[in-house]
Amino acid sequence: MSGIEFWHWLSLGAILAVVEMVAPGVYFLWLGIAALLVGGVAWLWPDLHWQYQVLLFALFAIADVTLSRRWMRARPAVTDQPHLNRRGEQYVGRLLTLDQPIVDGVGRAHVEDTMWRVSGPDLPAGQRIRVVGVDGATLRVEAA
């Protein structure tokens, strides 16, 4: 491990960038950037011991991922399909009819082609309900 040179890090950065193109997510990109940064440092200080290079890689990777998460959280993606992969949220505000009564806070209602678990106050079957929220795969409802 003592023979790590700057081009090793640059190669790792390029490999991680290629992996980023075929793998979902963005973490390989940030790891690749960390490797490129370490490659730059190793180029400036060729006598830098390999343990410090690995430590720098870890620090740069943590910093890159942390900063990127903050940056992405501050700039959420604008989309024309805001409920994509969050199917239940598109039903908030919709009026439904209970297929099975809500007993002890849990019942069932048909929404389009799917039977959904609903939670809310105890209500009889056939009662009109309004979807007020979503908890995972359960629709939170109230009497309409």
Side-chain angles (χ1 to χ4, degrees), residues 1 4-45 48-144:
M1 289 273 306
I4 296 179
E5 297 182 23
F6 75 94
W7 62 269
H8 292 119
W9 290 106
L10 298 180
S11 299
L12 178 63
I15 290 169
L16 289 170
V18 170
V19 170
E20 175 65 34
M21 286 187 242
V22 296
V26 294
Y27 288 100
F28 289 110
L29 174 67
W30 304 118
L31 296 177
I33 290 172
L36 294 175
L37 289 171
V38 175
V41 171
W43 179 71
L44 291 173
W45 291 283
L48 189 63
H49 204 268
W50 70 268
Q51 289 98 340
Y52 292 114
Q53 293 179 30
V54 172
L55 180 64
L56 276 177
F57 176 72
L59 293 175
F60 284 144
I62 290 169
D64 286 350
V65 170
T66 302
L67 292 175
S68 69
R69 290 183 66 147
R70 282 187 183 174
W71 187 78
M72 288 189 289
R73 194 174 308 129
R75 294 166 185 78
V78 178
T79 176
D80 60 341
Q81 297 177 340
H83 300 297
L84 184 66
N85 295 327
R86 295 183 301 191
R87 185 174 172 198
E89 291 182 15
Q90 66 184 327
Y91 301 134
V92 173
R94 185 180 282 191
L95 293 174
L96 306 172
T97 302
L98 271 176
D99 289 325
Q100 296 177 7
I102 298 177
V103 178
D104 295 331
V106 179
R108 295 206 173 267
H110 229 107
V111 183
E112 296 173 353
D113 62 345
T114 306
M115 183 70 82
W116 281 76
R117 177 185 165 125
V118 297
S119 67
D122 288 357
L123 297 168
Q127 171 75 43
R128 295 288 288 169
I129 55 174
R130 179 184 323 275
V131 179
V132 295
V134 180
D135 289 325
T138 302
L139 301 176
R140 285 184 286 124
V141 299
E142 64 183 14

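All residue numbers refer to positions in the sequence shown, counting from 1.
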Note to self: Counting neighbours of CZ on R128 that are heavy atoms of other residues, nucleotides or ligands and sit closer than 6.0 Å, is the number greater than 12?
What the structure shows: yes
Next item on the list: Mind checking side-chain hydrogen bond (donor to acceptor under 3.5 Å, both in side chains) for D104 and listing every partner two or more places apart, or none if nothing turns up?
Entry: none
Margin query: Going by the rule side-chain hydrogen bond (donor to acceptor under 3.5 Å, both in side chains), which residues pair with W7 if we only count those two or more places apart in sequence or in a different chain?
Written below: E5
Next item on the list: Mind checking side-chain hydrogen bond (donor to acceptor under 3.5 Å, both in side chains) for D122 and listing every partner two or more places apart, or none if nothing turns up?
Entry: none
Notebook entry, point to check: What distance separates W45 CH2 from Y52 OH, expressed to the nearest 0.5 Å?
Noted result: 14.0 Å
Check: Quick one: CD1 on I15 to CG on L31, what's the gap to the nearest 0.5 Å?
Finding: 13.0 Å
Checklist line | Under 3.5 Å donor-acceptor, Q127 side chain and T97 backbone | finding: no
Next item on the list: Could you tell me the separation between the CG atom of D64 and the CD1 atom of I33, rounded to the nearest 0.5 Å?
Entry: 6.0 Å
Notebook entry, point to check: So, do L16 and L29 sit near enough that their side-chain heavy atoms are less than 4.5 Å apart?
Noted result: no
Notebook entry, point to check: Who pairs with E89 by salt bridge (charged side-chain N to carboxylate O under 4.0 Å, His left out), at least two apart in sequence or on another chain?
Noted result: R86
Next item on the list: Go through the structure and list residues passing side-chain contact (heavy atoms from CB on, under 4.5 Å) with P101, not counting sequence neighbours.
Entry: V103, A125
Could you pull out all donor-acceptor pairs under 3.5 Å where a side-chain atom in residues 134-144 meets a protein atom, sequence neighbours excluded?
{"from": "D135", "atom 1": "OD1", "to": "R140", "atom 2": "NE", "distance (Å)": "3.4"}
{"from": "D135", "atom 1": "OD2", "to": "R140", "atom 2": "NE", "distance (Å)": "3.1"}

Checklist line | Pairwise distance CG(D99) to NE2(H110) - rounded to 0.5 angstrom | finding: 6.5 Å
Check: Under 6.0 Å from the CZ atom of R75, do we count more than 12 heavy atoms belonging to anything else shown?
Finding: yes
Check: Does H8 have any side-chain hydrogen bond (donor to acceptor under 3.5 Å, both in side chains) partners at least two apart in sequence or in another chain, and if so, which?
Finding: none
Next item on the list: Could you tell me which non-hydrogen atom of F6 sits nearest to which non-hydrogen atom of W43, and how far apart they are?
Entry: CB-N, 3.5 Å
Notebook entry, point to check: Among all residues two or more places apart in sequence or in another chain, which pass the ring pair (Phe, Tyr, Trp, His ring centres under 6.0 Å) test with F28?
Noted result: none
Next item on the list: Taking the side chain as every heavy atom from C-beta outward, state whether W9 and L36 have any pair of such atoms under 4.5 Å apart.
Entry: no
Note to self: Restricting to ring pair (Phe, Tyr, Trp, His ring centres under 6.0 Å), what partner residues turn up for Y27, sequence neighbours left out?
What the structure shows: none
Notebook entry, point to check: Is there a donor-acceptor contact under 3.5 Å from the side chain of T66 to the main chain of A63?
Noted result: no
Notebook entry, point to check: Partners of R94 by salt bridge (charged side-chain N to carboxylate O under 4.0 Å, His left out), sequence neighbours excluded?
Noted result: E112
Margin query: List the residues meeting ring pair (Phe, Tyr, Trp, His ring centres under 6.0 Å) with W30, not counting sequence neighbours, and say none if there are none.
Written below: none
Note to self: Checking F60 now: which residues fulfil side-chain contact (heavy atoms from CB on, under 4.5 Å) with it, not counting sequence neighbours?
What the structure shows: A34, L37, V38, V41, L56
Next item on the list: With rounding to the nearest 0.5 Å, note down the distance linking CD1 in I62 to CZ in F57.
Entry: 10.0 Å
Next item on the list: Please tell me if the side chains of V106 and V118 come closer than 4.5 Å, counting only heavy atoms from C-beta onward.
Entry: no
Item checked: Shortest non-hydrogen separation from L96 to A109 and the atoms involved -> CD1-CB, 4.3 Å
